[in-house]
Amino acid sequence: MSGTPSSPSRGHRPSAGPWRRLVRLGRPRATKANVLAASLAVLLGVGIATQVQLTQERGLSQLSQPDLVRVLDNISVRASRLDAQVRELEATRDRLRSGTGTTAEALAQAQKRVDTLGILAGTVAAKGPGMRMSISDPGNQVTGPLVLDLIQELRDAGAESIEIGGVRVVASSYVEDSGGRLSIDGKPVGRPVLVTAIGDPETLASAMMIPGGIVETIRQKGATATLSKQPTVEVTALHQPLTLTQATPVP
Amino acid sequence: MIPALGLLLGLALGLLLNPSVPLWLQPYLPIAIVAALDAVFGGVRAVLDGIFNDKVFVVSFLSNVVVAALIVFLGDQLGVGSQLSTGVVVVLGVRIFSNVASIRRHLFRA
């Protein structure tokens, strides 16, 4: 459709047709405002292109759905593991009840229990799959509460044994932070802070890397955390159990 | 014509250079772009109405962008950033549609 004024539908408009008006405006004029408008248009173009690319990049790196899938995966793996454990324990119980293997079986069970409790209480060294993390913190910005969050996050992710800066972290461990110096259970923790945890490497790593999680918090504080999943890590630091003076078990 | 060429040039520049948007600007850029588009369509409509003025266009473009960013900023500070962003986008979208409708009526008589 061109701006032919003879077109009957626009006979009531004596001035130039809208197309012609558009063309007239399109003619280059070297006025200051025109140059300004052109530069604004350039800015707008750059803005649109940038924003589109930003949105596309974000769509790729957001990964919220894969994260969810991984969480779901972890849960179902855990459920099946627990199921297997239930069956195993039931079999053990049946064996014990029937009395086929008597003393040896009970002894083996007791030893297994001692091992488990030793690892949990931090009185024996442990090894297994897990992760190592090194937090280099030149500004001493990683404070006690953050370390506490880190420990809690690791426990939530199913870490079975944790060592931070050469100190075994157990149920009674406490984190101190005075004047930028960290200590756990009264023992000083040097920097960079080295964290070793035994547990499912994937779960531990995703718990650390989750958006808004520990690694991001550390980065926001100006420190850097490097994390590596390991097929085998060793937690060798031991915790000295305190002698109980008051509590005794209920039989 | 020059502004249209400028727009194309800007798109090409943005695609080629792929500039990184600073973090503080990221929430405001999309809203600013929508506001600028509103100003552009308003400008085209003004041309067809025969009341276009370069100065008015430049000022309205800049003020649209600034006010939109300001509203988003204020919304962020008040904790209703996303809702306010949605509101701004809806309002600007309605305006763009009415401007486009007016342009269409001028150009195609339909």
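A note on names: the letters A, B, ... follow the listed sequences, proteins ahead of strands, and every chain is numbered from 1.
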I'd like to know whether NZ of A/Lys187 has more than 12 heavy-atom contacts from other residues, nucleotides or ligands below 6.0 angstrom. yes

Listed by residue number, which members of residues 93-100 of chain B have a heavy atom under 4.5 Å from any heavy atom of chain A? none

With a 4.5 angstrom heavy-atom cut-off, is it the side chain or the backbone of B/Asp49 that approaches chain A, or both, or neither? backbone

So how far is it from A/Gln51 CD to B/Ile33 CD1, rounded to the nearest 0.5 Å? 5.0 Å

OH (B/Tyr28) with more than 12 external heavy atoms under 6.0 Å: yes

Counting only heavy atoms closer than 4.5 Å, note whether B/Val65 contacts chain A via side chain, backbone, both or neither. neither

Which region of B/Leu62, side chain (C-beta onward) or backbone (N, CA, C, O), has a non-hydrogen atom less than 4.5 Å from a non-hydrogen atom of chain A, or is it both or neither? side chain

Tell me if the CZ atom of B/Arg104 is crowded by more than 12 foreign heavy atoms within 6.0 Å. yes

Go through B/Gly43, B/Gly10, B/Pro30 and name the one with the most non-hydrogen pairs under 4.5 angstrom from chain A. B/Gly10

I need the contact set between residues 42-50 of chain A and chain B: heavy-atom distance under 4.5 Å, sorted by residue number. A/Val42, A/Leu44, A/Gly45, A/Val46, A/Gly47, A/Ile48, A/Ala49, A/Thr50

B/Leu9 versus chain A, the contacting section by heavy-atom distance below 4.5 Å: side chain

